[in-house]
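Take a look at the structure below.
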Amino acid sequence: MKRYHSHLDRDIFVTSGSAKDLAPGSFGICAIDGGAQGWSVVHIGPDGDAADLGGEYYFATPEEALAFLKELIEMLATQA
């Protein structure tokens with residue numbers, strides 16, 4: 001899996017577990033324990049704060065997390 005994706009002009013980065021280096025407005029797919037515990041999805045707010053979008057569940061693979069984020073971005077685009 002490549003480390004950078006773009007969907008509907010929104011940036012999505014696959015990271016090794018930390019979202020602190022992502023730019024405001026971008027989305028991240030973060031490995032939990034190197035991916036052994038799953039993958040979480042985050043959005044970086046305007047102040048650089050990361051919001052966990054997965055809530056109480058995580059994804060088994062980064063591909064599943066990416067599919068979720070793409071659907072979420074599409075839903076946000078239809079609301080704008």
Side-chain angles (χ1 to χ4, degrees):
M1 161 156 279
K2 62 183 181 177
R3 298 181 64 80
Y4 170 77
H5 299 266
S6 180
H7 187 65
L8 299 177
D9 295 325
R10 302 299 295 265
D11 295 327
I12 304 170
F13 296 92
V14 179
T15 73
S16 61
S18 175
K20 68 179 184 174
D21 295 332
L22 299 179
S26 63
F27 291 89
I29 299 172
C30 302
I32 303 168
D33 194 20
Q37 298 294 319
W39 298 81
S40 66
V41 292
V42 298
H43 179 260
I44 309 303
D47 295 327
D49 298 327
D52 184 356
L53 301 176
E56 297 294 319
Y57 62 95
Y58 299 99
F59 301 91
T61 66
E63 290 85 3
E64 290 175 359
L66 180 61
F68 172 82
L69 278 180
K70 286 182 176 181
E71 286 181 36
L72 180 64
I73 290 169
E74 289 169 5
M75 287 188 326
L76 291 172
T78 60
Q79 304 250 329

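No experiment lies behind these values; they were computed from the predicted model shown.
Looking at heavy atoms from C-beta onward, Leu66 lies out of side-chain contact with Glu63 at the 4.5 angstrom threshold.
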Validation: residues 20-49 side-chain donor-acceptor distances under 3.5 Å, sequence neighbours left out:
{"residue": "Ser26", "atom": "OG", "partner": "Ala23", "partner atom": "O", "Å": "2.6"}

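Asp52 meets the side chain to side chain donor-acceptor pair (under 3.5 Å) test with no other residue; sequence neighbours excluded. Partners of Phe59 under the ring-ring contact (aromatic ring centres under 6.0 Å, His included) rule, at least two apart in sequence or in another chain, are Tyr57, Phe68.
Atoms CD and NE2, on Glu71 and His7 in that order, are 9.0 Å from each other to the nearest 0.5 Å.
Linking Ile, Leu, Val, Met, Phe, Trp and Tyr residues whenever their side-chain heavy atoms come within less than 4.5 Å leaves Val14 and Tyr4 in two separate clusters.
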